[in-house]
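Keep in mind that the numbers below use all heavy atoms, side chains included, and drop hydrogens, waters and symmetry copies. Numbers restart at 1 for each chain; the letters A, B, ... are given by sequence-line order, proteins then strands.
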There are 4 protein chains.
Amino acid sequence: MILSLQVDSETPLYEQLRNQIVIGIATGELAPQEKLPTVRQLAEDLGINTMTVNKAYMLLKQEGYIVIDRRHGAKVSPRTSDNPDLSPRLEEQLQLLIAQAAIQGVNQSRFQSLCSQIFAKMAYRHP
Amino acid sequence: MILSLQVDSETPLYEQLRNQIVIGIATGELAPQEKLPTVRQLAEDLGINTMTVNKAYMLLKQEGYIVIDRRHGAKVSPRTSDNPDLSPRLEEQLQLLIAQAAIQGVNQSRFQSLCSQIFAKMAYRHP
Amino acid sequence: MILSLQVDSETPLYEQLRNQIVIGIATGELAPQEKLPTVRQLAEDLGINTMTVNKAYMLLKQEGYIVIDRRHGAKVSPRTSDNPDLSPRLEEQLQLLIAQAAIQGVNQSRFQSLCSQIFAKMAYRHP
Amino acid sequence: MILSLQVDSETPLYEQLRNQIVIGIATGELAPQEKLPTVRQLAEDLGINTMTVNKAYMLLKQEGYIVIDRRHGAKVSPRTSDNPDLSPRLEEQLQLLIAQAAIQGVNQSRFQSLCSQIFAKMAYRHP
DNA sequence: GTGGTCTAGACCACA
DNA sequence: GTGGTCTAGACCACG
């Protein structure tokens with residue numbers, strides 16, 4: 001999986017890393033149980049500090065996206081969660097996002113169709 | 001309109017302010033051309049510094065959500081934009097949001113229905 | 001002559017007024033000796049404060065663009081100046097302007113040709 | 001690069017700073033990718049507040065002149081833009097500038113020759 | 001009365 | 001060590 005960082009972004013590097021890995025998991029590019037690169041390896045590949053990669057991994061672990069085993073390194077969590085409701089935090093984000101879209105002139109059907117397109121790329125689908 | 005801040009949030013105060021005002025505009029709680037509180041007034045009401053409020057207003061102005069009239073202070077922009085496409089930035093955010101939802105176990109129809117609910121609250125609707 | 005103000009501009013109203021009158025004089029839309037509207041009249045037409053118009057007139061007077069006679073109001077100055085050199089202040093502005101143009105990718109010949117076009121509209125030409 | 005501020009100028013300090021850096025970039029005194037002084041350093045050198053420098057940097061960043069890298073501070077943007085047309089905003093400024101020059105008695109060839117001189121100092125030239 | 005600018009100092013997040 | 005945020009207060013330009 002290819003990770004690309006923008007050093008001049010508003011988003012901190014560790015968060016960019018976290019976001020891309022989350023998307024990788026959702027799209028199936030990273031399979032459940034798949035091993036992630038070591039902190040050191042990834043840091044070197046990306047030319048960034050190991051602390052930064054470590055912070056991203058800690059965050060992903062804390063959020064339950066990956067599990068970290070001292071012997072085998074980091075792996076994508078086996079999928080378990082099946083909670084049909086969006087977390088309040090995500091719901092709030094979605095509201096803000098839709099607000100901006102609505103003001104800008106995006107109508108609902110256009111928005112919904114875009115959602116469908118994005119959902120279609122996700123491997124983690126629930127019926 | 002009621003604005004509430006969480007001082008212990010990760011999100012900077014000025015950004016919380018900006019977000020709530022954007023949502024207020026989208027839901028119609030703040031009508032186009034409506035006058036916003038003065039920088040000083042809002043700062044005092046919220047118990048924060050004027051520069052923090054000023055920063056939020058500058059951001060909103062720069063993004064086109066409000067207009068700052070030297071004579072009468074800040075007002076909600078008259079709605080003009082009617083761009084059916086989501087900006088790349090928002091689209092990226094939406095992708096990340098859906099990725100998280102999908103992993104967590106939210107299925108597409110549930111997500112879409114939530115979007116509908118949120119859209120229903122928006123006054124800024126386009127057919 | 002038509003004057004239009006943007007209340008949401010960075011440029012103060014009195015300066016916008018001053019700028020438009022200067023351009024009017026240069027293009028010949030306002031002839032030398034031509035009478036300008038009274039402060040009160042112009043303020044009413046534009047829906048702004050008389051103080052604002054007054055400030056613009058004072059500035060124009062101080063810069064020599066107009067003369068103010070208590071009996072007959074403000075008139076465009078008869079053309080007198082014939083100084084072939086740009087004032088240091090304008091030269092500095094020109095340098096900044098060209099710097100921005102150059103960085104943005106405008107080449108010299110394109111810039112020069114634009115200058116020619118603008119000069120062509122000026123009535124105040126010197127051989 | 002030497003930066004000098006006039007505290008008694010009409011132009012805000014942060015804008016003076018911005019202007020001088022823009023000119024520095026255009027003349028090549030500041031090369032693409034070159035590191036700018038840190039906010040703190042520059043503030044100390046100039047005897048002004050860090051927030052003032054910060055505001056200048058934010059403005060330059062927003063305008064695309066510099067890039068702010070979380071790791072190493074601010075750097076001059078790698079040159080990319082190659083737009084042969086002047087932005088409407090600059091064109092308007094140019095018109096005002098030429099109007100003032102024309103009234104003052106500067107003729108076109110004199111003006112053009114001054115432009116040439118200024119262009120000659122710019123490193124950011126396009127054929 | 002409005003926003004715009006600036007200061008002197010502080011604390012925090014990021015890397 | 002970097003920039004980002006915030007404060008409490010001040011002064012100024014604009015209208």
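Proximity of B:Thr52 to the phosphate of F:dT7: a side-chain N or O atom is located under 4.0 Å from OP1 or OP2. Side-chain nitrogen and oxygen atoms of A:Lys55 include none within less than 4.0 Å of the OP1 or OP2 phosphate oxygen of E:dA15.
With both pairing distances under 3.5 Å, F:dC14 is matched to E:dG1 as a Watson-Crick or G-U wobble pair.
Across the interface with DNA chain E, nearest-nucleotide mapping of D:Pro12 and B:Ile68 shows B:Ile68 to be the residue nearer the 5′ end. For the pair B:Arg71 and D:Asn49, nearest-nucleotide mapping onto DNA chain E gives the more 5' position to B:Arg71.
Contact annotation for A:Tyr14: backbone-only contact, meaning every heavy-atom pair under 4.0 Å involves sugar-phosphate atoms and none involves a base. Among the heavy atoms of the strands, none lies under 4.0 Å from B:Asp69. When heavy atoms are screened at a 4.0 angstrom cut-off, A:Ile48 is found touching no nucleic acid atom at all.
Side chains of B:Asp45 and B:Gln41: a donor-acceptor N/O pair is present below 3.5 angstrom, by distance only.
Side chain B:Arg40 to base E:dG3: a donor-acceptor pair is found below 3.5 Å.
Put simply, the side chain of D:Ser77 gets close to the backbone of D:Gly64: a donor and an acceptor are under 3.5 Å apart. With A:Gln16 contributing its side chain and A:Gln6 its backbone, the two residues share a donor-acceptor pair below 3.5 Å.
Residue B:Arg70 places its side chain closer to F:dC14 than to any other of F:dG9, F:dC14, F:dG3.
The 12-atom threshold is exceeded at NZ of C:Lys35, counting heavy atoms of other residues, nucleotides or ligands nearer than 6.0 Å.
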